[in-house]
Protein chains: 2
Amino acid sequence: MRGAQGDLLRLVAAGQAESRAELARMSGLAASSVSLRVEELIGTGLLVEEGAGTSRGGRRPRRLRLSPSAGVLAVADLGAHHARLGLLDLSGTPLVVEERPCDIALGPEATMDWIAASFEDLLLRHGPPGVPLRGVGTGIPGPVDPATGRVVAPSRMPGWNNFPVAERLGSHFDLPVLVENDANLMAAGEARSWPGRETLMVLKAGSGIGCGVIVNGALHRGRGAAGDISHVRVRSDSSVTCSCGHLDCLEAYASGAALMAVLGEQGIAVERPGDIVALVEDGVPEATALVRNAGRLIGEVLTVLVNFLNPDAIVVGGGLSSAEPLISAIRAAVYERCLPLATRDLEIAASRSGPDAALLGAGALLLDAVLA
Amino acid sequence: MRGAQGDLLRLVAAGQAESRAELARMSGLAASSVSLRVEELIGTGLLVEEGAGTSRGGRRPRRLRLSPSAGVLAVADLGAHHARLGLLDLSGTPLVVEERPCDIALGPEATMDWIAASFEDLLLRHGPPGVPLRGVGTGIPGPVDPATGRVVAPSRMPGWNNFPVAERLGSHFDLPVLVENDANLMAAGEARSWPGRETLMVLKAGSGIGCGVIVNGALHRGRGAAGDISHVRVRSDSSVTCSCGHLDCLEAYASGAALMAVLGEQGIAVERPGDIVALVEDGVPEATALVRNAGRLIGEVLTVLVNFLNPDAIVVGGGLSSAEPLISAIRAAVYERCLPLATRDLEIAASRSGPDAALLGAGALLLDAVLA
DNA sequence: CCATCTTCCTTCGAAATCGAAGATATGGCG
DNA sequence: CGCCATATCTTCGATTTCGAAGGAAGATGG
């Protein structure tokens, strides 16, 4: 699984290569070396040959796939009140995905132990017999220090500050463990749906506002908080104090939580960001206006970042992302104020990976650890 | 010069390795392979052995250096009214640097031909005899499309839009040619002075405001305009229309040109950004207040970007950077409003590479092309 | 249907790379 | 001073990787 062998498996798992010829092109190794190694990998049962692909004008390639029995990954995406949990094969294809209620206010120990137990449960009920678990990972709705796997100064996770999440989760499994910010995972998941786009900004618009950054195809972590845009000061007539102690943070105006609060004051009861989307689709004008305004504010913040980073695409995901006015308003703001060179081929679009993006991202990142 | 050989030369040139042992560690090759290749490189005259280094507790390493006769690079940093020109050896050490007046308003053809002639002149007068020219490069005070080497929509270079600068400069030399935005070159130059700091924002505060971005040790170009912060809208009571057509751009308030205009209105004549620094050092209160305010505005823009990118350091260069109040004000703004995780180990400091940063950056980037 | 081109994959000798062992050189310490 | 620990560099046989040539399988086009 080490070195060159790992590289080849990674290419196949990531869907970047499907045949020996493609592996040779992508890995830079000689075709003959690839053949040798592939033969070994088939021998050890990690790869399987699976029929022929489509010809590109010559002999048809013999398609390669990761063996379904090579292993599974258990991944989770932890939210404030729910968690999505899933099993993936090593190529990142979900075998099963479930959503279960949970409450991060119970604290990090209880929550991590609950995730571990849920993984065991999923494996028992849906894990293919005899296929080993190869890695576990979870997303966290707060900043994670990549060096230590600890949660650092989360704004809405009381009791979690500085808790060694990765260590606790890892204590249940003697395996590679991944703990990462949820927006970062979403970004890693989307990245695979945008081939050819090397630099992405992936916005997570849900109860909060998060953003994951892909630079040159790789997740940019910074010090663990990279992509944070929720505490940017927005231009506003009124004046709101954010939970972080500063004035007029984007999150205080444009997050799902902020919108729900405003709707609540107007006597329109909403429980979760998805309810806002439903209101917008039903044509409730108050909701539409709110969402459009949120999009404008987010878009104005993004203009700065688009000029600075010059991404190839801005991908909008999260519970609010299916509200069409949100994306339109973001588009309008960005295209209006950014430099022509920065917007020339910039695509601004809704998520392609859907609600499982974070789980897919966890799989993609875990794969690197597993095949290291 | 190809492949592994090039990698070893690059490591030596970049100062990342000084002995065979270090080369082995940095390159990942086996010590024996390194020895073989180094012997070859010494044989072809590209490397020379130069005395012994300091022991780290065992046998002393035999220090390796690029041969002074391996080649020279001719580099320039083009400004609005002046150009810095220099010759570097392949390890990026300047052999000679000169500043000459020039005028980009004469148009791209004349300017590029003038640069080429100046390179020839420098070589005649300062080039070591028999040492071949291995590459040429220049910085441009405007956006450069990395794919085509053309200037794209420059705000203050009339007549240059879409001109194939790299092609024109290259027509004089049958060699690798580099054309890059000036702030990007400065960033590439600073990067070598900040070992261990992988992600940098390098601010160029001169007549204009530019910024170069280093992510994971490599220059981030985006679509050619990455790092552009001059047209971010700032919070302001008054209301100024920028040359780009939008309201209240940072550049209209905090660039050297803007400061000079304000000072002019106050009857204080200044010719170039350096004069402002002199006024500040002389304790002229109007100048100090202006510079401090510019720093605050720049700092407020940087807060957004620091939260987003989580750089390891912010480096301030350019003609205004030696004005101490500028950096203090930037520091104050950033440390006040950024997330703790983002500022925990963030360093905000003046340039370490000095006025030749852009030339050094051109050398570093050219080296990659030369040793490709 | 057959010649020809393209692409995929394997074979096999040549070349590069590795890695273990040893030679060389130095600092530290009793 | 002599011995040991450490680090650098080289030697040499074993292993891996390369690359040119060729075989296999299919597309294309008369």
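Below, chain A is the first sequence line, B the second, and so on; all start at residue 1. Note that this is a predicted model, so its numbers are computed, not measured.
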Worksheet item: Is it true that atom CD of E49(A) has more than 12 heavy atoms of other residues, nucleotides or ligands lying nearer than 6.0 Å?
Response: yes

Discussion item. With rounding to the nearest 0.5 angstrom, report the CG to CG distance, D7(B) to L371(B).
Written reply: 9.0 Å

Worksheet item: In Å and rounded to the nearest 0.5 Å, what is the CG to OG distance from D89(A) to S67(A)?
Response: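 It is 9.5 Å, given to the nearest 0.5 Å.
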
Item to complete: Could you pull out the closest heavy-atom pair between N310(B) and A226(A), with the gap in Å?
Response: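 The answer is OD1-N, 3.0 Å.
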
Practice prompt. Looking only at non-hydrogen atoms, find the nearest pair between V179(A) and V144(A) and report the distance.
Written response: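 For V179(A) versus V144(A), the nearest heavy atoms are O-CG1, 3.6 Å.
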
Rounded to whole angstrom units, what separation is found between the [atom1] atom of [X] and the [atom2] atom of [N]?
| X | N | atom1 | atom2 | value |
| --- | --- | --- | --- | --- |
| L64(A) | dC8(C) | CG | P | 12 Å |
| L8(A) | dT16(D) | CG | P | 15 Å |
| L23(B) | dT17(C) | CG | C1' | 16 Å |
| E22(B) | dT6(D) | CD | C1' | 16 Å |
| E40(A) | dT10(C) | CD | P | 13 Å |
| E18(A) | dT7(C) | CD | P | 18 Å |

Item to complete: Using a 4.0 Å heavy-atom cut-off, write out nucleotides 17-28 of chain D from 5' to 3' as B (base contacted by protein), S (sugar-phosphate only) or - (no contact).
Response: SBB---BBBBS-

Practice prompt. Could you tell me which residues satisfy salt bridge (charged side-chain N to carboxylate O under 4.0 Å, His left out) with R150(A), sequence neighbours excluded, listed by chain and number?
Written response: none

Fill in: Earlier contact from the 5' end, DNA chain C, for S35(A) and A52(B)
S35(A)

Discussion item. Of the listed nucleotides (dC8(C), dT10(C), dC9(D)), which one gets closest to any side-chain atom of R62(A)?
Written reply: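 Taking heavy atoms from C-beta onward, the closest nucleotide is dT10(C).
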
Worksheet item: Heavy atoms under 4.0 Å, any strand shown: does R25(A) hit a base, just sugar-phosphate, or nothing?
Response: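 The residue R25(A) makes sugar-phosphate contact but no base contact.
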
Item to complete: Would you tell me if any nitrogen or oxygen in the side chain of R20(A) comes within less than 4.0 Å of OP1 or OP2 on dT10(C)?
Response: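 Affirmative; the distance criterion is met.
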
